[in-house]
Amino acid sequence: MDKLVIYGPTRLKGEVTISGAKNAAVAILPATLLVNGISIIENIPNISDVKLSCTILEKLGAKVNWIANNKVEIDTRNITSSNTPLDITSKFRASYYLVGSLLGRCGSAEVGLPGGCNLGARPIDQHIKGFESLGAKVEVSQGKITAKAKKLVGTSIYMDIVSVGATINVMLASVLAEGTTTIDNAAKEPHIVDVANFLNTMGADIRGAGTDVIKINGVKELKGNYTYSVVPDQIEAGTFMLAAIASRGDIVIKNCIPEHLDCITAKIFEIGGNVEDLGDSIHVWTNKRPGRAIVKTLPYPGFPTDMQPQIGVALSIADGTSIINESIWESRFQYTAELNKMGAHITAQGKSAVFEGVKNLTGAPVYATDLRAGAALIIAGIIANGETHLYNLDHIDRGYENIEDKFRSLGAKIQRVSE
Ligand code: UD1
């Protein structure tokens, strides 16, 4: 078992380059199934969820060729099956995108019920509602989703809940459907826009992505032989922004889209940090202890739930008492018990937590309880006095490329050690 050994405290300083967005990449890879041709995807993060997605594509008959570390060529001219390997699809959340993609490509899909971070109940009823509205028959039993459609026909779909996954999945299933599909109350995250841009590059006709009404005019076929570059990762950039603030550091974060980070920048200003927009990079710094804040997570453009643990670390050492209300996931405060082992004073109950700021954290053995919790605990280890041992790195490796190298380049004393 690997662990990260982190010696703190360190004030992070320097430049870091952000990778392509995990949550866009894990939708774009299955979306290549919609074309009978060759796709070249650049700026793709080299993380374990991406590798799993590629393995699944290979098992379905695609040829996957890594041209460079962050560039992959996928040939989907010879798809031989719409039955995915259930043991692999059950390992990560985004495998649900195979249902929309395979329905579009083959008219049928069999996919293991998605796994991923344990953040509480993660229903997929809105995905199913979308597929059924388009004319598919969907069954969930024996740990798998089976979907079949003789023909998919465009229609109006109102999402009862703003869902990133359901919005993308319905886009995927309706790109090749007959007629027009309208998604009302759609999610607006940057990776929704990125997946729509990607599909439009292949010849789809999607309008309105980034607003709450998306219209998809079905096309007969998509065209291969194109190159697409994945959008920079909003959450990875936000993670380094909060690392700068929590460590009283000074970081230039390169290859990001500052506009996507406005929701995080606003909170950083509130807690006394500095942020400067440099066009395609962002400069974040402070030399003060963070101030207190009240944070509520919301769908984009609200404060992202995937940034909640990272701002939680900054608030754990803030001057004053802060409150975080989590409105997306039921169990997103598991990391607070780990931070308390490091000397934080956090009381979490249900979907709220009270952070009584302490002056310092102290190194301790801690466990990444999920992906973003893991990133937050790295920041905690960097700002804490002494030695932190962080376990359960599988969670972190699912979504962050070379994370310890990136933190090390900013001055962090961090090593991956095999036990
Ligand atoms: C995606 C992200 C995840 C992020 C989340 C919210 C990926 C691979 N994962 O997850 O990192 O935390 O968005 O920004 O992109 N819901 C339903 N029924 C459904 C679908 C969702 O009730 O059919 C609920 C969920 O329980 C949750 C809320 O809607 O309370 C938002 O979930 P959703 O946006 O779908 O999250 P994911 O797509 O799973």
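For the single chain, residues carry numbers from 1 onward in sequence order. Small disclaimer: the values here were computed from a predicted structure and weren't measured. Indexing begins at 1, ligand by ligand and atom by atom, following the structure's order.
- Annotation: Phe92 is not in aromatic contact with Tyr97 [ring centroid separation under 6.0 Å not met].
- Contacts between Arg372 and ligand 1 below 4.0 angstrom, taking non-hydrogen atoms only, are absent altogether.
- Ligand 1 does not have Gln308 within reach: every non-hydrogen atom of the residue lies 4.0 Å or more from it.
- The shortest N/O to N/O separation between Lys22 and ligand 1 does not fall below 3.5 Å.
- The distance criterion of under 3.5 Å between nitrogen or oxygen atoms is met by Ile328 with respect to ligand 1.
- The ring of Tyr96 has its center closer than 6.0 angstrom to the ring center of His127.
- For ligand 1, the polar-atom distance check finds an N/O of Gly165 within less than 3.5 Å of one of the ligand's N/O atoms.
- No side-chain donor-acceptor contact under 3.5 Å links Ser19 and Asp233.
- Residue contacts with ligand 1 include Pro123, since one or more of its heavy atoms lies under 4.0 Å from the ligand.
- Using modelled atom types and a 3.5 Å distance limit, the side chains of Glu221 and Asn36 yield no donor-acceptor pair.
- Counting heavy-atom neighbours within 6.0 Å of Arg207 CZ, excluding the residue itself, gives a total of 12 or less.
- Listed by atom number, the atoms of ligand 1 under 4.0 Å from Asn23 heavy atoms are 2 (C), 7 (C), 8 (C), 9 (N), 11 (O), 15 (O).
- Looking at ligand 1, you won't find any N or O of Ala94 less than 3.5 Å from one of its N or O atoms.
- Looking at Arg93 next to ligand 1, an N or O pair under 3.5 Å apart turns up.
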